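Let me begin by presenting the structure, written as structure tokens, before commenting on it.
Worth knowing before you read on, the calculation uses all heavy atoms, side chains too, and leaves out hydrogens, waters and symmetry mates. Note that this is a predicted model, so its numbers are computed, not measured.
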Amino acid sequence: DSKKKDEKEADNLGRKIEKEINEFYTEHIKKEYKRDSHLVLQFEKNYIRFLMPKTRSGEKGAKKRYAGLVKNDGVEKIETVGIEAVRTDWTEAAQIFQRELLDRIFHKKEIAPFIKKFIKELEDCKYDEQLLYRKQLRKGLEGYSVNPPHLKAAKKLENFDGNVIEYYMTTDGPEPKQALKHKLDYDHYIYKQIKPIAEMVLIFFNLNFDDIIKGSKQTKLFSY
């Protein structure tokens, strides 16, 4: 944290540090090695807000895993590096959840009510279209020594002639989009997609994911 009162001051500090470091190494290399320094550091951006999730096994921030809020020409943008929901094996719903969660954190809004609301909407089928998995079958149907979910889904089709399978996780396991027969397994999506994303940040607020959703899950359980 630069402790500066506004973005302009923080930007000026960044450029000042850039100048001082470059001047130091230019003089140091020239003096010690009688050579010209070709090392040039450049101030790239100023994060208005920055979050580095802790590692699963310790208190330190995870390397190359962070999220930050930047502003360019007055337009805010959330940037993520190494955070789960940007990976291709995470659903669009998980990405929507993560973007909104980070936005609320960076703008200092309540997050527990949002998480409860998102889970309820997910269970009420609002995000069904965004719960679709898309995976590539690089080895065809017969080239695997294991039987991962996307392969199981592809094998449930009478004729699968592509290399990308779209499928849902249902109460009867993975099922292809074209031959969906069972209800979606919302608990799978809640605990395998939403919970890992939430837990990365809840630790900073001394909150527990299971405690947050416990009330809404119990209410649903006893609603006849």
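Judged by distance alone, with hydrogens and angles left aside, the side-chain atoms of E79 form no donor-acceptor pair with the main-chain N or O of G68 at under 3.5 Å. Side chain of N72 to backbone of V75: no donor-acceptor contact under 3.5 angstrom is found. Counting only distance, with no hydrogens or angles, the side chain of K34 and the backbone of K31 share a donor-acceptor pair below 3.5 Å.
Here ring pair (Phe, Tyr, Trp, His ring centres under 6.0 Å) pairs that include residues 155-178, with residues two or more places apart or in two chains, are Y133-Y167. Among pairs with a residue in residues 93-103, those fulfilling salt bridge (charged side-chain N to carboxylate O under 4.0 Å, His left out) read E100-R104, at least two apart in sequence or across chains. Within the structure, the salt bridge (charged side-chain N to carboxylate O under 4.0 Å, His left out) test picks out no pair touching residues 136-151 (sequence neighbours left out). Among pairs with a residue in residues 9-40, those fulfilling ring pair (Phe, Tyr, Trp, His ring centres under 6.0 Å) read F24-H28, at least two apart in sequence or across chains.
Aromatic rings of F97 and Y127 (six-membered ring for Trp) have centroids beyond the 6.0 Å cut-off, not under it.
Between E92 and I96, the closest side-chain pair of non-hydrogen atoms falls below 4.5 Å. Residues K108 and R49 are in side-chain contact: their nearest non-hydrogen atoms beyond the backbone lie under 4.5 Å apart. Using a 4.5 Å heavy-atom threshold, the side chains of I197 and F209 count as separate. Counting only heavy atoms from C-beta outward, the side chains of I111 and L101 approach each other to under 4.5 Å. Within the 4.5 Å cutoff, side-chain heavy atoms of L51 are placed close to those of V201.
Under the side chain to side chain donor-acceptor pair (under 3.5 Å) criterion, K117 pairs with E121, not counting sequence neighbours. Applying the side-chain contact (heavy atoms from CB on, under 4.5 Å) test to A67 and every residue at least two apart in sequence or in another chain returns T80, L102, F106. K181 is linked by a side-chain contact (heavy atoms from CB on, under 4.5 Å) to E175, counting only residues two or more places apart in sequence or in another chain. Among residues two or more places apart in sequence or in another chain, the side chain to side chain donor-acceptor pair (under 3.5 Å) test is passed with K109 by none. Residues satisfying the ring-ring contact (aromatic ring centres under 6.0 Å, His included) criterion with Y47, sequence neighbours excluded, are F50. Shown here are the side-chain contact (heavy atoms from CB on, under 4.5 Å) partners of K71, two or more places apart in sequence or in another chain: E7, I48, E76. By the side chain to side chain donor-acceptor pair (under 3.5 Å) test, Q130 is found to be paired with no residue, residues two or more places apart in sequence or in another chain being considered. Looking at residues two or more places apart in sequence or on another chain, you find a side-chain contact (heavy atoms from CB on, under 4.5 Å) between N147 and L151, K152, K155.
Taking every heavy atom of both residues into account, A94 and I194 meet most closely at CA-CD1, 4.2 Å. Pairing each heavy atom of V70 with each of N46, the nearest pair is CG1-O, 4.0 Å. Taking both residues in full, the closest heavy atoms of I190 and E123 are given as CD1-OE2, 3.6 Å, listed atom of the first, atom of the second, then distance. Minimum heavy-atom separation, A112 to I212: O-CG2, 3.8 Å. Between A154 and I165, the closest heavy-atom pair is CA-CD1, 3.9 Å. I115 and A198 get closest at one heavy-atom pair: CD1-CB, 4.3 Å.
Between L39 atom CG and N22 atom CG the span is 7.0 Å, to the nearest 0.5 Å. If you take NZ on K19 and CD1 on I17, they are separated by 13.0 Å, rounding to the nearest 0.5 Å. Distance check: M52 CE to Y66 OH gives 8.0 Å after rounding to the nearest 0.5 Å. Distance check: Q95 CD to Q193 CD gives 9.0 Å after rounding to the nearest 0.5 Å. Note that CG of L122 is 9.0 Å distant from CG of L184, once rounded to the nearest 0.5 Å. Interatomic distance, M169 CE to K192 NZ, rounded to the nearest 0.5 Å: 9.5 Å.
Electrostatic pairing of D210 and K195 counts as a salt bridge here, judged by a charged N lying under 4.0 Å from a carboxylate O. Checked for salt-bridge contact, K135 and D89 miss the test: no charged N lies under 4.0 Å from a carboxylate O.
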**Prompt:** Going through the checks in order, is the side chain to side chain contact (heavy atoms under 4.5 Å, CB included) test met by K183 and T170?
**Reply:** CA-CA 6 Å; K183 293 181 179 180; T170 76; over 6 Å; no
**Request:** For side chain to side chain contact (heavy atoms under 4.5 Å, CB included), just list the numbers for D36 and K30, CA-CA rounded to whole Å, side-chain angles, deciding distance to a tenth of an Å, and then say yes or no.
**Result:** CA-CA 6 Å; D36 293 330; K30 191 75 171 178; 3.1 Å; yes
**Item:** side chain to side chain contact (heavy atoms under 4.5 Å, CB included) evaluation trace for K214 with D211
**Value:** CA-CA 5 Å; K214 186 181 297 181; D211 290 340; 3.5 Å; yes
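Hydrophobic clustering (side-chain heavy atoms under 4.5 Å, transitive across Ile, Leu, Val, Met, Phe, Trp, Tyr) keeps I29 apart from L41. Under a hydrophobic-cluster definition in which Ile, Leu, Val, Met, Phe, Trp and Tyr are linked whenever side-chain heavy atoms come within less than 4.5 Å, directly or via other members, L207 and I203 are assigned to the same cluster.
Side chains of D128 and Y186: a donor on one and an acceptor on the other come within 3.5 Å.
Shown here is E129, whose CD atom has no more than 12 heavy atoms of other residues, nucleotides or ligands within 6.0 Å.
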